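Residue numbers begin at 1 in each chain, while the letters A, B, ... track the order of the sequences. This is a predicted model, so every value here is computed, not measured.
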Protein chains: 2
Amino acid sequence: MFSQAEENYIKTIYTLQNGTKTVINTNLIAYKINTKASSVTDMIKKLSVKELLTYKKYQGVQLTERGEKIALKVIRKHRLWEYFLVKKLNYSWDEVHDIAEQLEHIKSDTLIDKLESYLQFPKFDPHGDPIPDRDGKIILTKTVNLLNLKVGQKGTLDSLKDSSDVFLKYLNKKQLALRDRIKVIDIEPFDNSIHIETKTHQLVISKKVAENLNIKI
Amino acid sequence: MFSQAEENYIKTIYTLQNGTKTVINTNLIAYKINTKASSVTDMIKKLSVKELLTYKKYQGVQLTERGEKIALKVIRKHRLWEYFLVKKLNYSWDEVHDIAEQLEHIKSDTLIDKLESYLQFPKFDPHGDPIPDRDGKIILTKTVNLLNLKVGQKGTLDSLKDSSDVFLKYLNKKQLALRDRIKVIDIEPFDNSIHIETKTHQLVISKKVAENLNIKI
DNA sequence: AAATATATTTAGACTTATCTAAAACTAAAT
DNA sequence: ATTTAGTTTTAGATAAGTCTAAATATATTT
Ligand SMILES: [Mn+2]
Ligand SMILES: [Mn+2]
Ligand SMILES: [Mn+2]
Ligand SMILES: [Mn+2]
């Protein structure tokens with residue numbers, strides 16, 4: 001079994017690798033995990049000994065197969081718990097992340113499978129992110145970020161690049177939700193802000209917002 | 001906020017005090033928490049500084065009001081999660097304790113109240129133990145242990161003194177469940193074993209079993 | 001190619017929670 | 001009232017995970 005700290009490092013590195021085999025450097029991990037580079041070095045040495053990642057001094061790290069398996073298990077737990085919190089306990093999507101950060105570390109061979117079955121095998125979490133199945137298989141949806149759409153083009157809001165509660169609250173306020181059909185009305189060349197239209201209303205979003213919206217065409 | 005270790009000590013001491021103001025000694029805590037007396041001494045010093053208990057060297061400890069409040073919160077969480085696991089995830093009552101030991105430490109101001117509401121405010125956990133409300137109030141049911149019943153007397157199995165999975169599995173095997181109506185048929189003077197009758201069958205239980213069964217008359 | 005800036009690692013320290021072994025205290029027995 | 005037994009505390013060590021500050025390696029400029 002792995003400690004919470006170990007699981008968090010593995011999960012963070014997996015997320016940073018983002019499905020690819022990119023080498024991840026110490027500072028980036030430190031930033032994401034909100035700790036110091038020296039702590040990261042200590043931990044990746046440990047994880048390297050446990051063969052969850054490969055590590056060459058000064059050269060960054062890469063998860064092994066084993067490491068990816070662990071990461072996917074933790075992510076599976078995180079997302080299933082988020083789904084539970086929203087669907088069963090009536091939390092809103094911007095309130096569940098921190099609780100799921102804790103619940104994802106509960107150790108049990110059966111718990112998460114029973115939870116999944118109770119929730120009727122959801123495929124996506126409240127933020128549109130796919131939930132890995134018990135074998136670690138994951139549904140990859142092809143999306144582009146909203147910045148790539150041309151004027152007149154339409155697409156569906158599928159998921160988010162940034163799921164921080166600040167951003168989620170912004171989306172609440174602007175009445176943008178997953179599965180919304182979005183049409184690009186106009187693009188402002190000066191600051192790349194985008195005028196969009198949904199079924200119910202129109203609004204202007206900044207470049208920064210647009211690049212956090214993953215669109216399925 | 002308190003660490004998991006701190007919460008476990010407080011909860012254990014509360015359970016040992018058993019509603020009274022008994023002074024609890026170091027060795028007993030060590031035994032219950034499966035650690036060494038020296039570790040207990042270290043921890044109770046810490047908890048004493050935090051004013052969760054009063055402690056005089058060599059004289060044992062007693063929870064303060066504050067300490068009891070904390071204990072009741074942890075117990076509330078433990079029992080609500082156990083109820084969730086049995087009622088929603090279809091665990092059996094002998095499988096839930098270890099998972100609840102972990103879940104009881106999840107930190108959130110809202111989670112447990114939402115869970116309670118979702119579960120429709122259960123008053124007892126799967127082992128018949130009362131669930132404290134958000135203010136720490138607890139329903140005390142007056143019971144006696146089965147040893148105290150005389151031949152011919154009847155009562156209802158209300159809760160258990162020992163809820164270890166070994167004992168719970170014994171009860172499963174013997175088809176004894178909470179709320180069962182039990183009648184004492186005969187008491188064997190030699191070893192205090194008791195011949196009992198339920199709605200469905202008769203059986204003989206040992207003294208050790210009998211004293212773990214809390215009966216409501 | 002050297003100098004400078006940036007990134008990473010090492011060294012040493014700290015905190016929490018634990019342990020063993022020894023010392024100090026209390027309770028029980030003679 | 002001593003001795004003995006049992007309990008509790010202290011002293012010192014260890015492991016996990018973190019930190020700061022210094023040392024070292026790599027990358028970027030000049
Ligand atoms: Mn999340
Ligand atoms: Mn999510
Ligand atoms: Mn329990
Ligand atoms: Mn219980």
Asker: May I ask you to say what B:Ser38 touches in the nucleic acid, namely base, sugar-phosphate or nothing, with a heavy-atom cut-off under 4.0 Å?
Answerer: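 The answer is base, as B:Ser38 lies within the cut-off (heavy atoms under 4.0 Å) of a base atom.
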Asker: Nearest-Å distance, CG (B:Leu28) to P (D:dT8)?
Answerer: 9 Å
Asker: What nucleotide, of D:dT8, D:dT18, C:dT8, holds the atom closest to the side chain of A:Tyr9?
Answerer: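 Nearest to the side chain of A:Tyr9 among the choices is D:dT18.
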Asker: On the nucleotide C:dT6, are OP1 or OP2 found under 4.0 Å from the side-chain N or O atoms that A:Tyr58 carries?
Answerer: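 No, no such contact exists.
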Asker: Given that A:Ser39 and B:Lys57 both sit by DNA chain D, which one's nearest nucleotide is further toward the 5' end?
Answerer: B:Lys57
Asker: To the nearest angstrom, how far is B:Ile44 atom CD1 from D:dT10 atom P?
Answerer: 10 Å
Asker: On DNA chain D, check which nucleotide each of A:Thr35 and A:Gln59 is closest to and give me the residue with the more 5' one.
Answerer: A:Thr35
Asker: I'd like to check A:Tyr91 versus B:Leu111 (side-chain heavy atoms, cut-off strictly below 4.5 Å). Are they in contact?
Answerer: yes
Asker: Evaluate whether atom NZ of B:Lys207 has more than 12 neighbouring non-hydrogen atoms of other residues, nucleotides or ligands under 6.0 angstrom away.
Answerer: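 Not more than 12 within 6.0 Å, no.
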Asker: Taking only side-chain nitrogens and oxygens of B:Asn25, does any of them come within less than 4.0 Å of OP1 or OP2 of D:dT8?
Answerer: yes
Asker: I need the CG-P distance between A:Asp42 and C:dC14, as an integer number of Å.
Answerer: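 Checked: the CG to P distance equals 16 Å.
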Asker: From CD1 of B:Ile24 over to P of D:dT7, roughly how many Å is that when rounded to an integer?
Answerer: 15 Å
Asker: How many whole angstroms separate atom CD of A:Glu6 from atom C1' of D:dT18?
Answerer: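 Value for this atom pair: 14 Å.
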Asker: Under 4.5 Å between any side-chain heavy atoms of B:Leu53 and B:Tyr9, yes or no?
Answerer: no
Asker: Is any side-chain nitrogen or oxygen of A:Asn27 closer than 4.0 Å to OP1 or OP2 of C:dT8?
Answerer: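 Answer yes for this pair, as a side-chain N or O of A:Asn27 is under 4.0 Å from OP1 or OP2.
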Asker: Whole angstrom is fine here: how far is it from CE in B:Met43 over to C1' in C:dT15?
Answerer: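 Atom CE in B:Met43 sits about 12 Å away from atom C1' in C:dT15.
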Asker: Tell me: OH of A:Tyr55 to P of D:dA25, nearest whole Å?
Answerer: 12 Å
Asker: With under 30° as parallel and over 60° as perpendicular, where do the rings of B:Trp81 and A:Trp81 fit, or are they tilted in between?
Answerer: perpendicular
Asker: Describe the nucleic acid contact of B:Thr26 in one word from base, sugar-phosphate, nothing, applying a heavy-atom distance below 4.0 Å.
Answerer: sugar-phosphate
Asker: Can you see if the side chain of B:Lys36 gets near the phosphate of D:dT9 - specifically, an N or O under 4.0 Å from OP1 or OP2?
Answerer: no
Asker: Over all strands shown, is B:Ala37 touching base, sugar-phosphate only, or nothing at heavy-atom distances under 4.0 angstrom?
Answerer: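 Since a base atom lies under 4.0 Å of B:Ala37, the category is base.
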Asker: Is there a donor-acceptor contact under 3.5 Å linking the side chains of B:Thr20 and B:Thr22?
Answerer: yes
Asker: Expressed as a whole number of angstroms, how long is the span from A:Lys56:NZ to D:dA25:C1'?
Answerer: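 Nearest whole value for this atom pair: 16 Å.
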